[in-house]
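In what follows, a structure is listed as structure tokens, so that the remarks can point back to it.
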Amino acid sequence: MRDPKLRVWRAGPVTLFVVSIFTVTAGIVIPILAYLIYRNGSSPWLPVLLLALTVLALLYAWRFGFHPRLRVSDQNVEIINPFRRYSFDWDDITVIAPGENGLLVGSEEKAAEAWCVQKSNLASRRGRVTRADRIAEELLDVLDVHDPPVENEETGVRIRRARPEEGRLLTRLERAASEDALAHIFPPQQYPFPVSAIARRWREVLHNRLTHTYLLEVHESPVGYVTFDAETVHHLGIVPDHTRRGYGTTLIEFACMEIYAGGAREAFCWVLTDNHTARAFYRALGWNETGERSRSEFPPNPQTLLMVRRNPHPPRRSR
């Protein structure tokens with residue numbers, strides 16, 4: 001009996017139409033041509049060769065056109081590509097995003113692209129919503145059921161997973177959070193906010209299976225963000241009109257909780273050396289400054305320093 005909750009996607013209608021035409025041509029026209037050549041008394045090797053090519057063409061059409069599919073159940077997501085299958089439990093999935101090579105599904109251990117659900121480079125550049133985007137949205141909705149947002153109904157605060165199409169939103173939030181606050185480090189007249197570079201970086205971050213980006217919303221309006229991996233907080237920001245309300249603390253505590261839950265003994269973050277407000281913020285939450293220094297990737301490449309916060313309940317070492 002078929003599982004009513006099982007969803008299956010194959011290649012798009014246009015692709016299936018083209019493959020069907022190819023299959024009909026290979027399965028009917030070429031064998032007829034081989035038969036006519038044989039009837040004309042030509043060498044039998046040519047019809048045999050044509051029939052062999054017919055078999056290969058049909059196998060190719062099946063393997064690359066009809067066989068690839070994406071199967072989704074309440075337990076897992078299964079990607080069936082021409083030569084390999086991948087399975088991801090919902091609890092392990094860290095990224096779902098459309099891409100030119102297929103719908104990307106990944107966990108911290110592995111990643112795969114579903115060949116049957118693709119988004120062209122042209123559609124990505126023009127910002128067009130395609131079939132791949134709609135399927136990704138549907139899967140992300142299911143992922144939110146398995147890993148629901150953190151909500152406080154009294155305050156209207158919600159922390160939810162950022163979605164792959166929200167790179168522009170994150171760019172705007174980061175610009176609002178940093179442009180004025182960091183004007184003494186990045187003078188806007190000399191070093192205007194690098195919108196294109198930041199947008200590209202967010203796109204890479206949102207497609208990275210090893211990083212986790214969350215948005216903080218107040219009454220469904222995004223006001224802050226945080227990005228972290230297994231041990232490092234990479235990005236944190238709150239828009240100016242919502243600072244000093246505890247939202248930054250909420251996000252950094254959420255990130256640390258997730259990092260510690262993964263088994264890390266320490267959490268790390270890089271802070272601009274001249275960003276004294278941020279340094280004081282982190283110190284007040286128990287972070288310590290280290291002697292390690294680096295440089296920002298953006299001109300004028302100011303110095304950054306590494307801060308660390310120990311897990312108050314570190315995992316025991318295995319014997």
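This one's a predicted model, so the numbers in the text were calculated from it and none came from an experiment.
Every residue was checked against the salt bridge (Lys or Arg N to Asp or Glu O under 4.0 Å) condition with R69, not counting sequence neighbours, and none meets it. Legend: residues meeting side chain to side chain donor-acceptor pair (under 3.5 Å) with R203, ordered by chain and number and at least two apart, are absent. Among residues two or more places apart in sequence or in another chain, the side chain to side chain donor-acceptor pair (under 3.5 Å) test is passed with R245 by none. For D141, the side chain to side chain donor-acceptor pair (under 3.5 Å) test picks out R163, with sequence neighbours left out. Residues satisfying the salt bridge (Lys or Arg N to Asp or Glu O under 4.0 Å) test with R283, not counting sequence neighbours, are E289. By the salt bridge (Lys or Arg N to Asp or Glu O under 4.0 Å) test, E78 is found to be paired with R71, R85, residues two or more places apart in sequence or in another chain being considered. Looking at residues two or more places apart in sequence or on another chain, you find no side chain to side chain donor-acceptor pair (under 3.5 Å) involving H235. Remark: E174 pairs with R201 by the salt bridge (Lys or Arg N to Asp or Glu O under 4.0 Å) rule, at least two apart or across chains.
Other residues sharing a hydrophobic cluster with V95 under the 4.5 Å side-chain heavy-atom criterion for ILVMFWY residues are L104.
For residues 46-60, no pair satisfies side chain to side chain donor-acceptor pair (under 3.5 Å), with sequence neighbours left out. Counting only residues at least two apart or in different chains, salt bridge (Lys or Arg N to Asp or Glu O under 4.0 Å) contacts with residues 297-315 comprise E253-R309, E266-R310. For residues 88-115, no residue pair satisfies the salt bridge (Lys or Arg N to Asp or Glu O under 4.0 Å) rule, not counting sequence neighbours.
Within the 4.5 Å cutoff, the side chain of Q118 has no heavy atoms near those of the N101 side chain. Annotation: side chain of T273 is in contact with side chain of R279 (closest heavy-atom distance under 4.5 Å). The shortest side-chain heavy-atom distance between L70 and L103 falls under the 4.5 Å cut-off. Counting heavy atoms from C-beta outward, Y225 and L173 have side chains that approach closer than 4.5 Å. Put simply, the side chain of C269 reaches to within 4.5 Å of the side chain of W287, judged on heavy atoms. Put simply, the side chain of W270 does not reach to within 4.5 Å of the side chain of S296, judged on heavy atoms. For the pair R158 and L216, the minimum side-chain heavy-atom distance is 4.5 Å or more.
The aromatic rings of Y214 and F254 lie perpendicular to each other, with more than 60° between the two planes, well past the 30° mark.
For the pairing with T227, the side-chain hydrogen bond (donor to acceptor under 3.5 Å, both in side chains) check across T213, N208, T211, T232 returns one residue only, T213.
Residues V72 and L143 share a single hydrophobic cluster, defined by chaining ILVMFWY side chains whose heavy atoms lie under 4.5 Å apart.
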Using the ring-ring contact (aromatic ring centres under 6.0 Å, His included) rule, take F228 and F268 through it: C-alpha gap first, then chi angles, then the decisive distance, then the call.
CA-CA 9 Å; F228 55 91; F268 301 91; over 10 Å; no
